[in-house]
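The next block holds one structure in the form of structure tokens; read it before the comments.
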Amino acid sequence: MVTTKSKKETKKKTTTKRTVKVKKAETVKKTIGKKPVAKKIASKTKVTKASAKTKRVATKKAVTTSSPKGKRTASKAKAVKAIMAVTEQPRAVIPVEKKQSTIQAVMETKAAKSEPKRDISFNPQEMEPRWQKKWEMDKLYRAVIDYSKPKFYALTMLPYPSGDLHMGHWFPMTPSDARARFMRMNGYNVLFPMGFDAFGLPAENAAIKSGIHPMKRTRDNIVRMRAQLRSMGAMFDWEREAVSCEPEYYKWTEWFFIQLYKHGLAYRKMSPVDFCPNCNTTLAREQVWGEDRHCERCDTPVIKKDLEQWFFKTTKYADELLNFDGIDWPQTVKTLQTNWIDRSEGASVIFKTETGNHDVEIFTTRPDTLWGATFMVFSPEHPLVDEITTPENKAAIEEYKVQAARQSDIQRGAVDKEKTGVFTGGYAINPVNQARIPIWIADYVLMSYGTGAIMAVPAHDERDFAFAKKYDLPIIEVIRPESEVRATSESSLQAAYIGAGVMVNSDQFNGTKVNTEKGRKNPGVSAVIDWLQEKGIGKESVNYRYRDWLISRQRYWGSPIPMVRCDIHGWNPVPEDQLPVTLPEDVEWKPTGESPLKLHPTWKNTTCPMCGGPATRETDTMDTFMCSSWYHLRYLSPHYDRGPFDPAEYDYWMPVDTYTGGIEHATMHLLYTRFFHKALRDAGIVKGDEPMLQLRNQGMVLGEDGEKMSKSRGNVIAPDILVDKYGADTVRTYMMFFARWEMGAPWDSQGIEGPARWIRRVWNLFTDPTQPASDSAFDGRQLRRRVHQTLRKVTHDFENFEFNTIISSLMELMNEMYKAREAGAAGSPEWKEAQDIYLHMLAPVAPHIAEELWTNHLGKTYSIHQQPWPKFDEAAAKEDSIELPVQINGKVRDRITVPAEAREEEIKAAALASETVRKYLEGKVPKKVIVAKGRLVSIVV
RNA sequence: GCCGAAGUGGCGGAAUAGGCAGACGCGCACGACUCAAAAUCGUGUUCCCUACGGGAAUGAGGGUUCGAUUCCCUCCUUCGGCACCA
């Protein structure tokens, strides 16, 4: 599921930041292997910035590098300095500035000399696999039901086994892992599982190309990716791993299909697919290329073909899916799903055709404009088109239908496209006034929305207006702005009028007020609906943009649909005790991509579960979103064979407490999985109304060029190399630090140096040989204060998914600790507490180094990952005195230091007593003095 | 066109409740160490100016306020999603 599918290539060159970033990336690339050139570029850029300061620097630089004479002079000067340093060395050993004894200074020098050694002893390449192995041996992250503890199900989207893990996987997963670890230290029994969403088109395409069976390829990829996932040092419980392409998994995907079928939620209907007539294959959207929409394999123009396929009635849950009560999901996702479902209220009205006397149902949100309907427009695919078309219009209609079918919905909906259509020759009767109106077809009416036919009201709909103007069709005004009641209607005919007013030309409804509200809130709409229902012409109705879920795929590499068809008994599910219907292994791959299930000689032959007579299997497989709609349930008991999940595990762990993943799944996976849960609830299989209580989305890691990472662009950053070079702890830290998590950012390969330095400096801070404090300037109260302030901040940020500031706070505290140690903190109780709390806060972020320092260097009880989160001490975090800025007329002019508990009058007095303030006041009496407690003092003159 | 998110130094970003804009880090510059380089450590680093001091600045413009990155209005730009939706 976590993939880098790109639907559109980004073509537009941006003029702002992105472009700047691209330029920077180019410079960086040039740096590799050719440092001097890069440096020159850098200085050149600075010169163009026209800053006097940098110009000077650049000029200086140019002198030293370009003139050999200058260079010699410079190095000569350096040599002289070096000699001086050598001669001065004996004296330099004796500390001059620091108030420390000579003995201490000597020890310090020794410590300084041993520094490189300490750096060498920090060896993540040795340490990380060692701890990973031990944690696994000790089953440290095994999540077992334990009713004595509150449970926490932390779920992150599972990867598609494409072959290699990349930054797009690390970015959502490692911060999620850190948070799962944080929850664990806070006393929760945490389940953090991992698996593979293993069915799908790429493996099948690879099989067609190479002949390697998708199962082999997928399993090989999983083996490799599992090892890569382990290198993260995450707390995945591998005993709960689930792989969707294994029969023990898809047996239950099939079983779920049958349950939905039994509850009336699965049905068959005709639906068009993109089809290559040459390859005899259905094509996915990504296999249709170019403006002319040709097949990716053979360049043949793609056609639309109607196939009978399986659907789930997702629309049955449309209203319930619009309700987000009780779940903590980002507003963005809720809005996206709401707009995707797009509920609209109105009426459905029956028009009759003149020929054949057929009922044609249309949906309208504006039944109040029915008297203005001067023509009808059918979608070219509408089933009645052939019948109503008169012989003289046949040829034109057929040609238009072919042309419309060649286009994608996106092309049909292009903004600047001129409206086109063809008259069928047929007529319909407007039921409200018996007017005889022509029926046209046009590609702007889509079969997939509403009923595939509309009444056209050109006076009050922009599209209908444009169409009527182009083909010279009548326009009748039926809503008139109230201010123009006495005016002629001429002006309103220049464009469609969409607004409030009163109904005109509408028989008994003339004079009825109409506002811009929707549905029943609009008096005109409401009155007409009541009348339509009374007359039996139409009824109040709700329409959704949301469609039923088409789950049939004409592919091999997916979960089989467990249905068989017999000539006598039609479609019936495979008996549950015969599940799973397994995919045959002996299949032949045609270069055309035709599904091998169709071509298999025996697989599809079976017997009818009703009569035992000959029957055939469904050869289509299921959409892979079906597999990912319930994987969170399979994790509970991946090898359980008496049901899709062990009810005992379900009762303890479900629902999912936190779900993390990409926002690109907002209207697909995240909506499917909610539907699926509700359908299963109604089938009595699961409990509760929602599967995931809290959702958080991360942004995207782009390539260094600011574009989406993809193999074809060659901008993929592989984590393996980084783990080899820096260690997993550093890469994890960088994932949390380098961008706002919910935003994402382009990759910056230089930026990782920051976290790398931090991790090394933490190592040195803890492993440095330390001496007890003597003659110390160390302020223990101050250190405690900083430690507990950081603890408060880090705790808050973990709770709120603000990962980048967790790392900055830890960096700041480390800097404080270095200063404290310099001042002689080592050995004090405050120092020991600082070390303790620091490692606890570090543990979720960088689990390996935290464990090594805790267990091996401080000699504490293994494992730090089983320790409780430290207790925050409010009193310790409190400041004694605070520094307040003093503003005069909005400008900061001075700073005063007051006790933290100082009262307002005291602060005011202190501010006015300040010399600087008095200078600025020049004897004037301030108009107003505002004291924002703990923030600042503002004086208005 | 509609819906959603965002715009802060050279870069990623920070800023409890409307209260010191630029934390932390990258990069860069200079210095220390080194034969040298790397690493490390230290110092500096928003912009402008007449530079001891002063001014401007959070996409642009306006408003509310003693005070706005934060709230309101208008506009611009970028990103994501949907789109002739009846």
Side-chain angles (χ1 to χ4, degrees), chain A residues 10 12 14-18 20-21 24 28 39 42-43 45-46 49 51-54 57 61 79 82 85 112 115-116 119 330-333 335-336 338-340 342 344 346 362-366 377 409-410 412-415 417 419 442-446 448-451 453-457 461-464 466-467 543-545 663-664 666-667 699-700 734 737-740 742-743 745-746 748 750-755 757-758 760-761 764 793 796 804-805 807-812 815 883-887 889-892 895 927-930 932-940:
Chain A
T10 320
K12 278 181 243 163
T14 55
T15 46
T16 50
K17 273 192 172 177
R18 284 269 145 92
V20 175
K21 277 180 223 151
K24 195 192 166 198
V28 170
K39 270 192 177 171
S43 49
T45 323
K46 281 206 169 160
K49 288 280 167 197
S51 124
K53 192 177 162 191
T54 43
V57 174
K61 199 179 178 101
E115 200 146 325
D119 261 330
Q331 187 53 50
T332 329
V333 174
T335 309
L336 285 168
T338 302
N339 293 345
W340 181 264
D342 190 20
S344 54
I362 60 110
F363 173 78
T364 176
T365 51
R366 297 295 306 276
V377 186
D409 280 4
I410 289 164
R412 276 170 70 158
V415 172
K417 206 185 141 209
K419 281 170 188 53
D443 59 11
Y444 78 89
V445 176
L446 304 175
S448 56
Y449 186 82
T451 62
I454 62 161
M455 66 162 187
V457 184
D461 182 285
E462 281 176 47
R463 287 153 305 145
D464 297 346
F467 197 85
N543 191 53
Y544 302 92
R545 181 191 169 278
I663 197 160
E664 67 271 20
T667 54
M700 215 189 293
Y734 191 42
F737 183 62
F738 97 106
R740 241 151 95 187
E742 74 275 19
M743 292 293 164
D748 176 6
Q750 280 180 324
I752 197 170
E753 291 296 340
R757 265 170 220 153
W758 172 58
R760 276 198 300 268
R761 272 165 59 81
N764 290 343
K793 169 84 177 144
H796 170 269
N804 53 346
T805 45
I807 308 299
S808 356
S809 309
L810 290 177
M811 284 172 171
E812 279 176 275
N815 291 337
E883 198 191 62
L884 293 178
V886 181
Q887 286 186 348
N889 288 340
K891 293 217 159 86
V892 178
R895 281 157 203 289
K927 255 191 223 160
K928 217 176 192 182
V929 181
I930 296 137
K933 242 194 151 196
R935 302 257 173 211
L936 54 46
V937 182
S938 182
I939 300 168
V940 188

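Keep in mind it's a predicted model, so treat the numbers as computed, not measured. Letters go in sequence order (proteins before strands), and every chain restarts at 1.
- The CZ atom of F467(A) sits 5.5 Å away from atom OH of Y444(A), with the distance rounded to the nearest 0.5 Å.
- Spacing between G25(B) and G18(B) at atom C1', rounded to whole Å, works out to 28 Å.
- Look at G9(B): it lacks any Watson-Crick or wobble partner with both distances under 3.5 angstrom.
- The residue M700(A) sits apart from the nucleic acid: no heavy atom pair falls under 4.0 Å.
- Using a 4.0 Å cut-off, no side-chain N or O of Y444(A) falls inside it from OP1 or OP2 of A86(B).
- Distance check: N804(A) CG to Y734(A) OH gives 12.0 Å after rounding to the nearest 0.5 Å.
- Straight-line distance between the P atoms of G62(B) and A68(B): roughly 13 Å, to the nearest whole Å.
- Taken from CD in Q887(A) to CD1 in I939(A), the straight-line distance is 9.5 Å, to the nearest 0.5 Å.
- Nucleotides A60(B) and A56(B) are separated by 15 Å at their P atoms, to the nearest Å.
- Separating the P atom of U58(B) from that of C71(B) is a span of 15 Å, rounded to the nearest Å.
- With C20(B), C66(B), C85(B) as the candidates, the nucleotide lying closest to the side chain of R463(A) is C85(B).
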Candidate pair V457(A) and R366(A), rule side-chain contact (heavy atoms from CB on, under 4.5 Å), full reasoning: CA-CA 10 Å; V457(A) 184; R366(A) 297 295 306 276; over 6 Å; no

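- Classified by its glycosidic torsion, G61(B) falls in the anti category, the angle being over 90° from 0.
- Phosphate proximity of A17(B) to R935(A): absent, as no side-chain N or O sits under 4.0 Å from OP1 or OP2.
- One P atom belongs to A17(B), the other to G10(B), and the distance between them is 29 Å to the nearest Å.
- In terms of phosphate contacts, N815(A) brings a side-chain nitrogen or oxygen within less than 4.0 Å of OP1 or OP2 of G25(B).
- Where I939(A) and N804(A) each meet RNA chain B at their nearest nucleotide, the meeting point lying more 5' is that of N804(A).
- Summarising the base pairing, A17(B) is matched to no nucleotide, lacking a Watson-Crick or G-U wobble pair whose two defining distances lie under 3.5 Å.
- Between N889(A) atom CG and C66(B) atom P the separation is 12 Å, expressed in whole Å.
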Derivation of the side-chain contact (heavy atoms from CB on, under 4.5 Å) call for V940(A) and N889(A): CA-CA 5 Å; V940(A) 188; N889(A) 288 340; 3.9 Å; yes

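- The CD1-P distance, from I807(A) to C26(B), rounds to 14 Å in whole Å.
- What separates CZ of R761(A) from C1' of A39(B) is a distance of 13 Å, to the nearest Å.
- Separation of atoms CG (L336(A)) and CD1 (I663(A)) is listed at 6.0 Å; rounding is to 0.5 Å.
- Under 4.0 angstrom from either OP1 or OP2 of U40(B) there lies at least one side-chain N or O belonging to R760(A).
- Nearest to the side chain of E812(A), among C41(B), C85(B), C24(B), sits C24(B).
- Each of A5(B), C26(B), G80(B) was ranked by its minimum atom distance to the side chain of L336(A); first place goes to G80(B).
- Base pairing analysis places C75(B) opposite G59(B); the two distances defining the Watson-Crick or G-U wobble pair are each below 3.5 Å.
- Listed nucleotides: A86(B), C85(B), G13(B). Nearest to the side chain of I454(A): A86(B).
- We find that CE of M811(A) is positioned 12 Å from C1' of A23(B), with the value rounded to whole Å.
- What separates CH2 of W340(A) from P of A83(B) is a distance of 6 Å, to the nearest Å.
- With a cut-off of 3.5 Å on both Watson-Crick or G-U wobble distances, the partner of A68(B) is given as none.
- Side-chain proximity of D443(A) to C3(B), C84(B), G19(B): nearest is C84(B).
- Here, U43(B) and A23(B) have their P atoms 15 Å apart, quoted to the whole Å.
- Residue F737(A) is in base contact, counting any heavy-atom pair closer than 4.0 Å across all strands shown.
- Closest of all the heavy-atom pairs between V333(A) and A666(A) is CG1-CB, 4.3 Å.
- The two residues D464(A) and M455(A) make their nearest non-hydrogen contact at OD2-O, 4.0 Å.
- In the set A5(B), G81(B), G19(B), the nucleotide with an atom closest to the side chain of L936(A) is G19(B).
- Comparing C66(B) with G1(B), their P atoms sit 39 Å apart, to the nearest whole Å.
- Among the nucleotides A86(B), C85(B), C24(B), the one closest to any side-chain atom of D342(A) is C85(B).
- Across all strands, A739(A) comes closer than 4.0 Å only to sugar-phosphate atoms, never to a base (heavy-atom distances).
- Among A5(B), A86(B), C24(B), the nucleotide with an atom closest to any side-chain atom of S344(A) is A86(B).
- The side chain of V892(A) sits closest to A21(B) out of G13(B), A86(B), A21(B).
- E753(A) has its CD atom 16 Å from the C1' atom of C24(B), to the nearest Å.
- Applying the 4.0 Å criterion to OP1 and OP2 of G27(B), one finds that R757(A) has a side-chain N or O inside that range.
- Using a 4.0 Å cut-off, no side-chain N or O of R545(A) falls inside it from OP1 or OP2 of A86(B).
- Within the 4.0 angstrom heavy-atom criterion, only backbone atoms of the sugar-phosphate kind lie near T805(A); the bases stay farther away.
- If you check C33(B) for Watson-Crick or wobble pairing at under 3.5 angstrom, you find it has no partner at all.
- Nearer to the 5' terminus of RNA chain B, by closest-nucleotide assignment, is the contact made by T332(A) (compared with the other of Q887(A) and T332(A)).
- Across G25(B), C24(B), C66(B), the shortest atom-to-atom separation from the side chain of P755(A) is found for G25(B).
- G22(B): no Watson-Crick or G-U partner with both key distances under 3.5 Å is found in any strand.
- Separation of atoms OG1 (T667(A)) and CH2 (W340(A)) is listed at 4.5 Å; rounding is to 0.5 Å.
- As a whole-Å value, the separation of I930(A) CD1 from A68(B) P is 12 Å.
- The partner of C28(B) is G44(B), by the rule that a Watson-Crick or G-U pair needs both atom distances under 3.5 Å.
- To the nearest whole angstrom, the two P atoms, one in G54(B) and one in U64(B), are 29 Å apart.
- Atom CZ in R740(A) sits roughly 13 Å away from atom P in A5(B) (whole-Å rounding).
- Proximity of N339(A) to the phosphate of G4(B): no side-chain N or O atom is located under 4.0 Å from OP1 or OP2.
- Note that CG of L810(A) and CG of N815(A) are 11.0 Å apart. Values are rounded to the nearest 0.5 Å.
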